[in-house]
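Below, chains carry the letters A, B, ... as their sequence lines are ordered, and counting in each starts from 1. In this text the structure is predicted, and so the values were computed from the model without any measurement.
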Amino acid sequence: MSPRAKVDPQLEDVRKRMRHSAAHVLAEAVTSLFPEAKLTIGPPTDDGFYYDFDVERPFTPEDLERIGAVMRKSIHSNHKFVEREVTRDEAMGLVKGNRYKLEIIEGIPEGERVTFTSHGTFEDLCRGGHVGSTGEIKVFKLLSSAGAYWRGDERNPMLQRIYGTAWESPQAQEAHLKRIEEAEKRDHRKLGRELKLFFFDPIAPAMPFFTPRGAFVVNRLVEYVRGLYTRYGYTEVITPQIFSTDLWKRSGHYDNYIENMFVMEIDEREYGVKPMNCPAAALVYKSDTRSYRDLPLRLADFGRLHRYERSGVTLGLTRVRSFSQDDAHIYCRVEQIAQEVRGFITMLQESYAVFGFNEARFTLSLRPEKRMGSDEIWDKAEAALESVLAELGVDFEKNPGEGAFYGPKIDVFVPDAIGREWQLGTVQLDFNQGERFDLEYQSEGGARERPVVIHRAMLGSLERFLGVLIEHTVGAFPVWLSPVQAVVVPIADRHNAYGMQVRDRLLAAGVRAELNDSAERMQAKIRDAQLQKVPYMLVVGDREMEAGAAAVRTRTGENLGAMSLDEIQVRLVKETAIPR
RNA sequence: GCCCCGGUGGCGCAGCGGUAGCGCAGCCGAUUUGUAAUCGGCCGGUCGUCGGUUCGAUUCCGACCCGGGGCUCCA
């Protein structure tokens with residue numbers, strides 16, 4: 001399901017003007033109800049608009065209602081939007097006392113027009129882009145208010161933002177609100193509880209507990225990745241959880257990342273819980289002498305990571321403080337970068353196709369101002385990444401200056417149910433770790449050389465991946481990932497014994513089957529299995545018992561009719577196999 | 001970290017100065033039923049924590065913890 005359907009550009013333009021205009025009307029209403037409010041900015045957004053105000057106190061839901069009512073009046077009056085150009089001095093005079101608007105005017109480049117737009121008696125500094133009159137704002141709804149920093153900088157004062165949505169017709173708005181509602185039903189936090197996959201407890205904030213069902217899914221993902229690793233030439237290591245801060249000082253985390261780490265003191269020695277696997281990988285690399293013949297060396301590590309995320313930034317499974325990644329570090333020569341990245345991206349594409357993540361977005365982040373490593377190596381590395389993407393036909397955006405100080409990277413983003421994008425996969429070249437840990441290998445000529453390190457994760461954090469996967473599938477995992485793959489539904493008590501045989505046979509064949517022998521009616525058992533998104537329901541009654549069969553129903557509501565147990569077993573064994 | 005909102009049995013909610021109720025789930029009993037909820041009964045809550053106001057607090061106030069919507073952050 002694509003997060004945003006394409007709409008025709010003309011309609012998009014009308015919506016944008018309408019929403020921008022709605023923001024003006026909102027500002028007008030707030031100004032009339034709260035004369036002391038200072039106006040700042042109010043742009044249209046993808047599906048609505050907002051306006052930020054500097055006010056004495058935050059808005060309450062009741063305020064929003066009053067504001068909405070005043071807006072409706074203004075729209076009813078159908079005031080024309082009129083734009084006028086003013087001189088800078090005039091503009092400064094018009095906004096005096098409002099530091100925000102002054103700042104905006106100061107930011108307008110010399111030679112550019114400074115304009116104000118008015119409707120009725122309200123006027124606001126504005127570069128234009130409105131509908132003809134307020135009456136053209138067909139429908140709108142104020143949705144919420146929230147704090148937001150001026151210019152998005154937390155050192156600046158906090159403003160109060162009001163969010164709204166506006167559409168060309170009540171139907172369009174209704175459809176939009178409906179979409180939001182539907183998306184909420186897919187929220188992985190809600191589904192995680194309903195499907196009994198995971199939960200949180202205040203005793204360990206932002207650290208998920210996986211129940212047997214959730215743990216099964218996570219483990220299954222790991223098994224799947226391990227299967228790929230075998231084919232793609234990786235080996236796996238297991239490393240410690242906690243290291244003396246000596247290691248973090250050496251790796252640079254102590255200087256740059258310590259505020260995000262869990263640190264403790266034991267026996268007068270300071271330790272840090274690992275937030276990343278790389279230093280441990282470096283130690284594994286150093287644990288033996290390495291020759292150019294050993295490269296590329298691909299070391300996978302599913303180690304659990306802990307990061308102290310600031311309170312207020314965590315979100316369900318998608319942003320947690322305890323997680324594990326399908327992480328690996330590849331040690332190779334500069335000339336091998338392209339080959340390694342190609343292999344990785346190929347594997348990533350293969351796996352995303354398996355999960356149906358067709359809308360993945362790739363970004364290529366290039367050298368920042370502050371960086372380490374020679375220009376020559378950056379040239380080679382960036383060229384390698386870019387050529388691999390081009391060669392594999394991957395669409396990507398370039399983000400100049402966005403690379404890490406230690407190397408360029410490719411990130412892969414996938415949207416959740418409401419279109420928020422989450423970074424899952426990543427490949428980061430690292431010219432730093434070799435130096436810091438004094439990593440080397442012996443080359444053909446016997447010289448000691450530094451390997452390049454490639455950090456890479458495919459599914460990324462398994463927790464986050466699961467969260468996004470739940471939203472994509474609405475909890476209906478592919479059969480091979482389903483914690484319960486089939487439920488046997490006896491119609492009456494006299495079918496329970498046979499039902500148990502059916503279940504045991506499937507269990508013996510490696511299918512995760514359950515028997516629902518409760519005193520409920522068949523309908524209720526089916527409903528329960530449906531709600532739990534169990535892919536197969538095997539109904540057994542007199543006829544099936546007689547025939548050594550089960551009536552097969554799928555969670556899509558399809559009734560496949562009676563099938564022999566042999567047939568069912570073959571089908572389920574096939575469908576529950578981990579893809580490869 | 002910042003602004004706002006919220007925390008009542010496993011889950012979803014109501015109540016809001018006189019120590020709590022509903023639905024679902026669970027348990028027990030009855031029912032034995034052909035593709036999304038059979039009926040009846042029962043159990044279950046120190047109303048997030050700590051402190052204050054009050055004769056009396058789940059209800060009011062404060063602090064803290066946790067969650068949510070945003071902002072910031074995500075070397």
**Student:** Taking the six-membered ring for Trp, are the ring centroids of Tyr331(A) and Tyr285(A) within less than 6.0 Å of each other?
**Tutor:** yes
**Student:** Are the charged groups of Asp566(A) and Arg505(A) less than 4.0 angstrom apart, N to O?
**Tutor:** yes
**Student:** Are Phe413(A) and Trp422(A) an aromatic pair by the rule of ring centers under 6.0 Å?
**Tutor:** no
**Student:** Regarding His253(A), tell me which of base, sugar-phosphate or nothing describes its non-hydrogen contacts under 4.0 Å with the strands shown.
**Tutor:** base
**Student:** Nearest-Å distance, CD1 (Ile491(A)) to C1' (G34(B))?
**Tutor:** 4 Å
**Student:** Given Arg494(A) and Asp542(A), is the salt bridge (Lys or Arg N to Asp or Glu O under 4.0 Å) satisfied, shown in steps?
**Tutor:** CA-CA 9 Å; Arg494(A) 65 177 178 281; Asp542(A) 290 333; 2.9 Å; yes
**Student:** Which stems does RNA chain B form, counting runs of 3 or more consecutive Watson-Crick or G-U wobble pairs with both distances under 3.5 Å?
**Tutor:** B:1-7 with B:65-71, B:10-13 with B:21-24, B:26-30 with B:38-42, B:48-52 with B:60-64
**Student:** Is there side-chain contact between Phe199(A) and Arg193(A), with at least one heavy-atom pair below 4.5 Å?
**Tutor:** no
**Student:** Quick one: does Pro490(A)'s side chain get under 4.5 Å of Lys525(A)'s, heavy atoms only?
**Tutor:** yes
**Student:** Inspect the contact between Glu259(A) and Arg310(A) and indicate whether a charged nitrogen and a carboxylate oxygen are less than 4.0 angstrom apart.
**Tutor:** no
**Student:** Name all residues meeting the side-chain contact (heavy atoms from CB on, under 4.5 Å) criterion together with Ser144(A); count only those two or more places apart in sequence or in a different chain, and write none if there are none.
**Tutor:** Tyr163(A)
**Student:** Using a heavy-atom cut-off of under 4.0 Å over every strand shown, decide if Ala529(A) touches base, sugar-phosphate, or nothing.
**Tutor:** nothing
**Student:** Assess whether one donor atom and one acceptor atom, taken from the side chain of Glu194(A) and the base of G12(B), lie less than 3.5 Å apart.
**Tutor:** no
**Student:** With a 4.0 Å cut-off on N to O distance, would you call Arg450(A) and Asp438(A) a salt bridge?
**Tutor:** yes
**Student:** Answer yes or no: is there an ion pair linking Arg553(A) with Glu558(A), defined by an N-O contact shorter than 4.0 Å?
**Tutor:** no
**Student:** Would you list the protein and nucleotides 23-28 of chain B atom pairs, both N or O, that sit under 3.5 Å from each other?
**Tutor:**
none

**Student:** With a 4.5 Å cut-off on side-chain heavy atoms, are Leu191(A) and Leu197(A) touching?
**Tutor:** no
**Student:** Does a salt bridge link Arg57(A) with Asp63(A), judged by any charged N lying under 4.0 Å from a carboxylate O?
**Tutor:** yes
**Student:** Compute the centroid of each ring, for Phe53(A) and then for Tyr51(A), and state whether the two points are separated by less than 6.0 Å.
**Tutor:** yes
**Student:** Whole angstroms only, please: what is the CD-C1' distance between Glu62(A) and C4(B)?
**Tutor:** 13 Å
**Student:** Could you tell me if the ring centre of Phe323(A) sits under 6.0 Å from that of Phe465(A)?
**Tutor:** no
**Student:** Let's test your reading of the model: under 3.5 Å, does the base of G70(B) pair with the side chain of Tyr50(A) as donor and acceptor?
**Tutor:** no
**Student:** Centres of the Trp167(A) and Phe140(A) rings: under 6.0 Å?
**Tutor:** no
**Student:** For RNA chain B, which residues of residues 550-559 of chain A approach it to below 4.0 angstrom with any heavy atom?
**Tutor:** Ala551(A), Arg553(A), Asn559(A)
**Student:** Would you jot down, in residue-number order, the residues of residues 150-163 of chain A having a non-hydrogen atom under 4.0 Å from RNA chain B?
**Tutor:** Gly152(A), Glu154(A), Met158(A), Gln160(A), Arg161(A), Tyr163(A)
**Student:** Do Arg319(A) and C73(B) share a donor-acceptor pair, side chain to base, under 3.5 Å?
**Tutor:** yes
**Student:** Look at Arg193(A) and C11(B) and indicate whether a side-chain polar atom (N or O) is within less than 4.0 Å of OP1 or OP2.
**Tutor:** no
**Student:** Taking atom C1' of C73(B) as reference, at what distance in whole Å does atom CZ of Arg307(A) sit?
**Tutor:** 13 Å
**Student:** Show the nearest heavy-atom pair for residues Ala281(A) and Leu299(A), with the distance to one decimal.
**Tutor:** O-CD1, 4.2 Å
**Student:** Please list each protein N or O that sits under 3.5 Å from an N or O in nucleotides 64-68 of chain B, with the distance.
**Tutor:**
from	atom 1	to	atom 2	distance (Å)
G68(B)	OP1	Arg189(A)	NH1	3.4
G68(B)	O3'	Arg189(A)	NH1	3.3

